[in-house]
Amino acid sequence: MNFEQLHLIAPILDALREEGYTSPTPIQQQAIPLVLQGHDLLGCAQTGTGKTAAFSVPILQLLHQRPRAASRAIRALILTPTRELAIQIDESIAAYGRHTGLRHAVIFGGVSQKPQTDALAKGCDILTATPGRLLDLIQQGLITLQHIEIFVLDEADRMLDMGFIHDVRKVISKLPMRRQSLFFSATMPPEIMQLADAILTKPQKVAVTPPSTTVEAIRQSLYFVEKSDKRALLLHLIRQHDIPSALVFTRTKHGADRVAKDLVRAGIKAEAIHGNKSQNARQRALTNFKSGETRILVATDIAARGIDVDKLSHVINYEIPNIPETYVHRIGRTGRAGAAGTAFSFCDMEERAYIRDIHKLIAIQIPVVHDHPFAAEAPVEASPLLTVAARPQPKLQTNAPQSDIQWQVPSKGRRKKKWYGTRKAV
Ligand code: AMP
């Protein structure tokens, strides 16, 4: 399928061509025609599937084709949880809409509102916003949502995780009843379905990856390691695999700073990105990483949400997330748009319960790499462990043939701290 078959108008087709897109991704194939027909949409899709274009392209087309009701009216609102994601969506709208003449703006908290309100004063057809700043500007009388024709709620599950659900409901209460609504979430737990019910009218449903499954193109490996050896293991893997660029996840802001500092001390260009850094510092770190100037970006989950880096080869879970869905979100940063990606996860003693939850969620066991210099003892579990040697791994699929994988039951009571490759698979 190509974009022409989706009945897109020339200014948008030209822009997509200029972006280098040749064919629509599955979510785009499904969503674009439905949105163009005016349906409400319930989309189950992760970042990395092309969902931004799936909603922004038809919005641009619909607004381009319709007359403006009022010259300064905001006609489409995209609500998204983080500043990074908001900026990225606005950049995408700028790119896809560059030949449409439509105006767009982005607002988010943590920075002065003046440049944002100045941009709004010039007129804005499509506004991308985070909930807090949007409500703030509405309260100040600087924004009205009464002319919104199309509303997008992006990353709804993340809004819930981040405690924004109350703000989201407040924003929704300010929208006109007559509107088209598009709702996207990577997962669809019951609270999210309730929220969707409250927002959408007879929605069409599209889903590209069933909720809670791992992106198939990503090679995943698990390293059991003592907490104190994680730093050495990270350096070892960066060097051993000659990793060109990696996003390293930590659970805490302090942890992100520490890991970045250690890497820099070891002569590897690294920066940390998290909520304590100023917006400018975060943007700068992101730009450096995208340009390749910084090799390793260390991030907390919230800061990393929506980071979109083409050709990110590796994601490293320096710490295992305690929410299993976060694992899926994290590793989804690599392996984008069909590219191969690799995800390493470092698991210490205290994190083993988290790994069990992740295995349950993704319905596969992440292959364990034993053959590395910092291997700590694999957990003694009632169920067998799936283990592989440290060599190129097969592409993982839930139902893929796993010929190089062997099932092992570690001997009970074994308490040796480390071993060195003694438990290789065939
Ligand atoms: P998203 O899921 O919207 O964050 O998009 C993930 C990445 O895929 C972004 O880098 C987009 O620029 C890219 N992308 C989106 N649609 C296409 C397409 N049809 N062809 C190639 N790349 C795309």
Side-chain angles (χ1 to χ4, degrees), residues 1-25 27-41 43 45 49-80 85-107 116 118-129 134 143-154 175-184 199-201 203-204 206 308:
M1 168 169 289
N2 56 36
F3 283 107
E4 280 80 3
Q5 288 167 286
L6 294 176
H7 307 293
L8 297 178
I9 52 177
I12 293 178
L13 286 174
D14 289 345
L16 293 174
R17 204 170 306 117
E18 286 156 24
E19 283 300 290
Y21 298 0
T22 48
S23 53
T25 65
I27 187 83
Q28 292 162 7
Q29 289 179 27
Q30 295 176 52
I32 290 173
L34 293 169
V35 180
L36 286 177
Q37 286 160 24
H39 290 289
D40 277 10
L41 193 76
T49 54
K51 80 176 153 68
T52 312
F55 63 76
S56 42
V57 161
I59 290 176
L60 284 161
Q61 176 147 330
L62 288 171
L63 297 188
H64 183 73
Q65 290 173 329
R66 289 180 195 157
R68 260 192 201 107
S71 73
R72 302 225 170 269
I74 300 170
R75 303 162 70 198
L77 171 67
I78 299 157
L79 204 56
T80 193
L85 208 46
I87 291 169
Q88 230 157 254
I89 292 171
D90 185 60
E91 283 171 357
S92 297
I93 288 170
Y96 309 144
R98 65 166 74 94
H99 303 303
T100 61
L102 291 164
R103 298 160 305 180
H104 58 91
V106 58
I107 61 170
Q116 299 177 359
D118 286 351
L120 286 169
K122 289 187 194 136
C124 164
D125 295 289
I126 305 174
L127 177 65
T128 305
L134 177 64
I143 286 181
T144 165
L145 301 182
Q146 67 192 21
H147 298 288
I148 296 292
E149 297 165 44
I150 308 174
F151 168 62
V152 181
L153 182 62
D154 187 36
L175 294 169
M177 294 298 282
R178 229 178 98 84
R179 58 167 200 261
Q180 184 178 7
S181 300
L182 318 176
F183 185 107
F184 287 89
I199 295 175
L200 303 170
T201 311
Q204 297 286 315
V206 297
D308 178 21

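These values consider heavy atoms only, across backbone and side chains, with no hydrogens, waters or symmetry-generated copies. Every value quoted in this text rests on a predicted model; they were computed, and no experiment measured them.
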Is [Y] close to [X] at the side-chain level, that is, under 4.5 Å between some pair of heavy atoms?
X    : Y    : value
Q61  : V35  : no
H64  : I9   : yes
I89  : V106 : no
L13  : L8   : yes
D154 : T128 : no
R103 : K122 : no
I150 : F55  : no
I148 : P176 : yes

About how many Å separate [atom2] of [Y] and [atom1] of [X], when rounded to the nearest 0.5 Å?
X    : Y    : atom1 : atom2 : result
I78  : I59  : CD1   : CD1   : 4.5 Å
K51  : S56  : NZ    : OG    : 10.0 Å
D125 : H104 : CG    : NE2   : 9.5 Å
S23  : Q28  : OG    : CD    : 8.5 Å
L41  : Q30  : CG    : CD    : 9.0 Å
L200 : Q180 : CG    : CD    : 10.5 Å

Between [X] and [Y], which heavy-atom pair has the shortest distance, and what is it?
X    : Y    : answer
L36  : L62  : O-CD2, 3.7 Å
R179 : L175 : NH1-CB, 3.7 Å
A53  : P58  : O-CD, 3.7 Å
L134 : A129 : CB-CB, 4.0 Å
L6   : P33  : CD2-CG, 3.8 Å
R75  : P67  : NH2-O, 3.6 Å

Would you mind writing out the side-chain donor-acceptor pairs for residues 93-102 within the sub-3.5 Å range, not counting sequence neighbours?
residue: Y96; atom: OH; partner: Y21; partner atom: OH; Å: 2.8
residue: R98; atom: NH1; partner: E18; partner atom: OE1; Å: 2.7
residue: R98; atom: NH2; partner: E19; partner atom: OE2; Å: 2.9
residue: H99; atom: NE2; partner: E18; partner atom: OE1; Å: 3.0
residue: H99; atom: NE2; partner: E18; partner atom: OE2; Å: 3.0
residue: T100; atom: OG1; partner: G97; partner atom: O; Å: 2.7
residue: T100; atom: OG1; partner: L102; partner atom: N; Å: 3.2

Open item on the list: Show me the pairs that pass salt bridge (charged side-chain N to carboxylate O under 4.0 Å, His left out) and involve residues 29-41, at least two apart or across chains.
Closed with: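 Listed by first then second residue: nothing to list.
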Open item on the list: Is it the case that atom CZ in R178 sees more than 12 heavy atoms from other parts of the structure closer than 6.0 Å?
Closed with: no
TODO: For side-chain contact (heavy atoms from CB on, under 4.5 Å), just list the numbers for F151 and I199, CA-CA rounded to whole Å, side-chain angles, deciding distance to a tenth of an Å, and then say yes or no.
DONE: CA-CA 10 Å; F151 168 62; I199 295 175; 4.2 Å; yes
TODO: Spell out, as yes or no, whether a donor-acceptor pair under 3.5 Å connects the side chain of Q37 to the backbone of L34.
DONE: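 Judged by distance alone, no pair lies under 3.5 Å.
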TODO: Spell out, as yes or no, whether a donor-acceptor pair under 3.5 Å connects the side chain of N2 to the backbone of Q5.
DONE: yes
Task: Ionic contact status for E4 with R17, cut-off 4.0 Å - done: yes
